[in-house]
2 protein chains.
Amino acid sequence: MVQYSQPNLDAAFAALSDATRRGVLEQLGQAEASITELADRFQMTLTGMKKHVVVLEQAGLVTTEKIGRVRTCRLGARRLEEEAAWIESYRQLWAARFDDLDTVLEDMKRREKTNG
Amino acid sequence: MVQYSQPNLDAAFAALSDATRRGVLEQLGQAEASITELADRFQMTLTGMKKHVVVLEQAGLVTTEKIGRVRTCRLGARRLEEEAAWIESYRQLWAARFDDLDTVLEDMKRREKTNG
DNA sequence: TATACACTGAACCAAATGGTTCAGTATTCG
DNA sequence: CGAATACTGAACCATTTGGTTCAGTGTATA
């Protein structure tokens with residue numbers, strides 16, 4: 001059984017629970033951006049966007065670097081592996097309780113192949 | 001491109017951002033339980049646990065049924081499919097930005113097989 | 001050098017969160 | 001019937017959240 005880091009999961013899921021922050025992550029997946037650009041795109045004050053970026057940064061989902069007067073934001077080191085794993089194992093549990101055995105076994109085989 | 005329901009994602013991720021609630025889900029994956037049993041197991045007042053259950057219920061992750069004086073909680077209809085999909089597509093984005101092309105392609109092939 | 005620009009920090013605000021206690025109501029059991 | 005059980009709702013509380021404005025600081029530019 002995998003052991004999950006509760007504080008990490010807490011911070012990551014909380015960071016993902018806001019549509020603006022999910023939007024920022026999707027944006028940064030396309031291209032890096034400054035706080036001003038993000039604030040502009042999500043129709044928010046600079047200060048407001050800064051707070052979201054801080055939340056994402058603390059969750060490890062974003063890193064930032066300030067050069068001159070511009071702070072550039074990029075995707076961070078966290079790749080949501082633990083979170084994906086938690087959700088997948090939950091889905092297994094769910095399936096085991098509600099699906100017929102065939103479906104569960106198929107699912108397990110599929111996962112085995114994927115993980116091997 | 002898949003379209004995500006922001007309110008659903010908001011509610012589900014917020015529900016998952018609390019360790020107690022994740023614990024309740026894991027518990028209910030093993031066996032259904034009453035509010036009293038859950039409150040007991042997670043060392044919390046009945047009222048406190050009730051609130052968590054309401055949050056999970058509103059996110060669609062738990063359903064409850066009151067028979068006599070006991071309210072029984074079970075896993076709900078929501079199987080975190082959208083949430084898993086969001087995270088997976090994020091992971092793709094992430095990989096595309098940071099990994100070498102081989103890794104990305106391998107990952108895409110893997111996903112194709114899994115989804116087929 | 002003066003001005004505009006990008007960000008930052010403090011203060012404030014309303015609403016939500018995560019918990020509690022206390023006072024019920026309804027149900028079961030002896 | 002009377003007592004114990006299981007939950008419910010209201011009220012309260014401290015903290016966090018998601019946003020704002022306002023007053024800076026530091027950097028680039030005309």
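The shown structure was predicted, so the numbers you read here are calculated from the model rather than taken from an experiment. When reading the values below, keep in mind they use all heavy atoms of this one structure, side chains included, and skip hydrogens, waters and symmetry mates. We name chains A, B, ... by the order of the sequence lines, and we start the count at 1 in each one.
Following rounding to the nearest Å, Leu38(B) (CG) and dT8(D) (P) show an atom-to-atom distance of 12 Å.
Under the 4.5 Å side-chain criterion, counting only non-hydrogen atoms from C-beta, Arg21(A) is not in contact with Val53(A). The shortest side-chain heavy-atom distance between Trp86(B) and Glu26(A) falls under the 4.5 Å cut-off. Val24(A) has its side chain within reach of Met49(A): a pair of non-hydrogen atoms, C-beta onward, lies under 4.5 Å apart.
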Using a 3.5 Å cut-off and no angle test, enumerate the donor-acceptor pairs between side-chain atoms of residues 68-78 of chain B and protein atoms at least two apart in sequence or in another chain.
unit_1   : atom_1 : unit_2   : atom_2 : d
Arg71(B) : NH1    : Thr64(B) : OG1    : 2.9
Arg74(B) : NE     : Glu32(B) : OE1    : 2.7
Arg74(B) : NH1    : Glu65(B) : OE1    : 3.2
Arg74(B) : NH2    : Glu32(B) : OE1    : 3.4
Arg74(B) : NH2    : Glu65(B) : OE1    : 3.3
Arg78(B) : NH1    : Glu83(B) : OE2    : 2.8
Arg78(B) : NH2    : Glu82(B) : OE1    : 2.9
Arg78(B) : NH2    : Glu83(B) : OE2    : 3.0

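Using modelled atom types, one side-chain atom of Glu37(B) and one backbone atom of Ser34(B) make a donor-acceptor pair closer than 3.5 Å. No side-chain donor-acceptor contact under 3.5 Å links Arg79(B) to the backbone of Tyr90(A).
Taking the six-membered ring for Trp and thresholds of 30 and 60 degrees, Phe13(A) and Phe13(B) have nearly parallel ring planes, at less than 30 degrees apart.
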Task: Protein proximity profile, nucleotides 15-20 of chain D - base contact B, sugar-phosphate-only contact S, no contact -, cut-off 4.0 Å on heavy atoms - done: ---SBB
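Listed by residue number, Gly68(A), Arg69(A) are the residues of residues 57-72 of chain A with a heavy-atom contact under 4.0 Å to DNA chain D.
Annotation for Glu81(A): atom CD counts as buried by contact number, over 12 foreign heavy atoms lying within 6.0 Å.
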